[in-house]
Amino acid sequence: MMRILFYLLWLMLLAVLQPTLGSGIAVFSIAPNLFYAFIVLIGLYRGKTEGAVCGIVFGLVYDILIGRLIGVSSLCGLYLGFGAGILGQHFFSGAKRIAAMGAIAVGTVLAAVVYAAAILMTGGSVPFWTAMLRIAVPEGVYSGLIGWLLSFPMVASMKLFKMKQIS
């Protein structure tokens, strides 16, 4: 019950922060993806199963709020959470925040590649390399830095809700 409350509170918080704060802290019109950062952090700290489930649910909410193609971010979130859960098994808790920065950055760029491919498959036109170099890579780096900052309140709230770190 406490775990569900934890996820619901974070889901509501991120649903409010992503469209409002995300545009407010945008640098050169690049906003961090708080949802992907949270999904990767959950995968690292709570394991691959919770990371995958969190990725599906949070990715779907992200798609409903912001995305253009329903389900693409959910699929990306599934793989990000699962991959982060596998990665989390190889790091002790002190190094997870540093590993999270890299995993969030790489995961955000890979999700952008999948999203661009989905847009191309639906008949859209995306200048692929321009989108990757001017949007995806800076967004990945920025999301990694914001994810590192996000890890502090997330871990503190996990302790508050008496959730143990699994991996």
Side-chain angles (χ1 to χ4, degrees), residues 3 6-63 65-67 72-115 132 134-161 163-167:
R3 191 171 21 167
F6 169 81
Y7 287 117
L8 281 175
L9 288 174
W10 272 101
L11 184 63
M12 288 187 300
L13 181 69
L14 292 176
V16 170
L17 288 179
Q18 182 67 46
T20 57
L21 182 69
S23 62
I25 62 172
V27 176
F28 300 115
S29 299
I30 305 288
N33 192 322
L34 301 174
F35 279 86
Y36 286 162
F38 184 78
I39 291 167
V40 169
L41 289 169
I42 287 297
L44 282 169
Y45 284 101
R46 295 290 297 161
K48 56 188 174 188
T49 304
E50 280 193 45
V53 172
C54 177
I56 292 170
V57 174
F58 278 55
L60 187 60
V61 170
Y62 180 82
D63 275 339
L65 290 175
I66 298 166
V72 176
S73 293
S74 185
L75 180 67
C76 292
L78 164 76
Y79 289 118
L80 283 175
F82 189 80
I86 292 172
L87 183 67
Q89 296 171 348
H90 301 292
F91 290 96
F92 58 92
S93 64
K96 283 187 182 179
R97 284 193 172 104
I98 302 300
M101 287 176 61
I104 292 167
V106 169
T108 303
V109 171
L110 291 176
V113 170
V114 171
Y115 207 88
M132 291 303 111
R134 290 190 182 168
I135 297 171
V137 172
E139 181 183 349
V141 171
Y142 195 22
S143 295
L145 292 172
I146 295 296
W148 180 76
L149 292 173
L150 185 67
S151 69
F152 292 100
M154 193 204 78
V155 170
S157 64
M158 282 174 52
K159 290 177 183 174
L160 183 68
F161 282 93
M163 295 172 62
K164 292 183 171 44
Q165 295 180 17
I166 293 176
S167 54

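Since we're looking at a predicted model, the values are computed, not measured.
With Leu14 as the partner, the side-chain contact (heavy atoms from CB on, under 4.5 Å) test is satisfied by one option alone out of Leu9, Leu34, Ile39: Leu34. Screening Phe35, Tyr62, Tyr115, Tyr36 for a side-chain contact (heavy atoms from CB on, under 4.5 Å) with Cys76, the sole residue that qualifies is Tyr36.
Annotation: salt bridge (Lys or Arg N to Asp or Glu O under 4.0 Å) contacts of Glu50 (sequence neighbours excluded): Arg3, Arg46. Partners of Val106 by side-chain contact (heavy atoms from CB on, under 4.5 Å), not counting sequence neighbours, listed by chain and number: Leu110. By the side-chain contact (heavy atoms from CB on, under 4.5 Å) test, Leu149 pairs with Ile146, sequence neighbours left out.
Between Leu60 atom CG and Leu65 atom CG the span is 9.5 Å, to the nearest 0.5 Å. Atoms OG and CE, on Ser151 and Met101 in that order, are 9.5 Å from each other to the nearest 0.5 Å. To the nearest 0.5 Å, atom OG of residue Ser143 and atom CG of residue Asn33 are 5.5 Å apart. We find the CE-CZ distance between Met163 and Phe6 to be 4.5 Å, quoted to the nearest 0.5 Å. Between atom CD1 of residue Ile86 and atom CG of residue Leu44 there is a gap of 11.5 Å, rounded to the nearest 0.5 Å.
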Evaluation steps, side-chain contact (heavy atoms from CB on, under 4.5 Å), between Val155 and Arg97: CA-CA 10 Å; Val155 170; Arg97 284 193 172 104; 3.7 Å; yes
Steps toward side-chain contact (heavy atoms from CB on, under 4.5 Å) verdict (Gln18, Ile66): CA-CA 9 Å; Gln18 182 67 46; Ile66 298 166; 3.3 Å; yes
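Of all non-hydrogen atoms in Ile30 and Ile135, the two that sit nearest each other are CD1-CA, 3.9 Å. Contact between Ala37 and Gly147 at its shortest, heavy atoms only, is CB-CA, 3.9 Å. Of all the heavy atoms in Leu87 and Ala103, the pair that sits closest is CD2-CB, 3.8 Å. When all heavy atoms of Val109 and Val137 are compared, the pair lying nearest together is CG2-CA, 3.9 Å. Of all non-hydrogen atoms in Ser74 and Ile56, the two that sit nearest each other are OG-O, 2.9 Å.
Between Met154 and Ile42, some side-chain heavy-atom pair lies under the 4.5 Å cut-off. Between Tyr142 and Ile25, some side-chain heavy-atom pair lies under the 4.5 Å cut-off.
Taking the six-membered ring where tryptophan is involved, the planes of Tyr7 and Phe58 are perpendicular, since the angle between them exceeds 60° and thus also 30°.
Heavy atoms of other residues, nucleotides or ligands lying less than 6.0 angstrom from CZ of Phe152 number more than 12.
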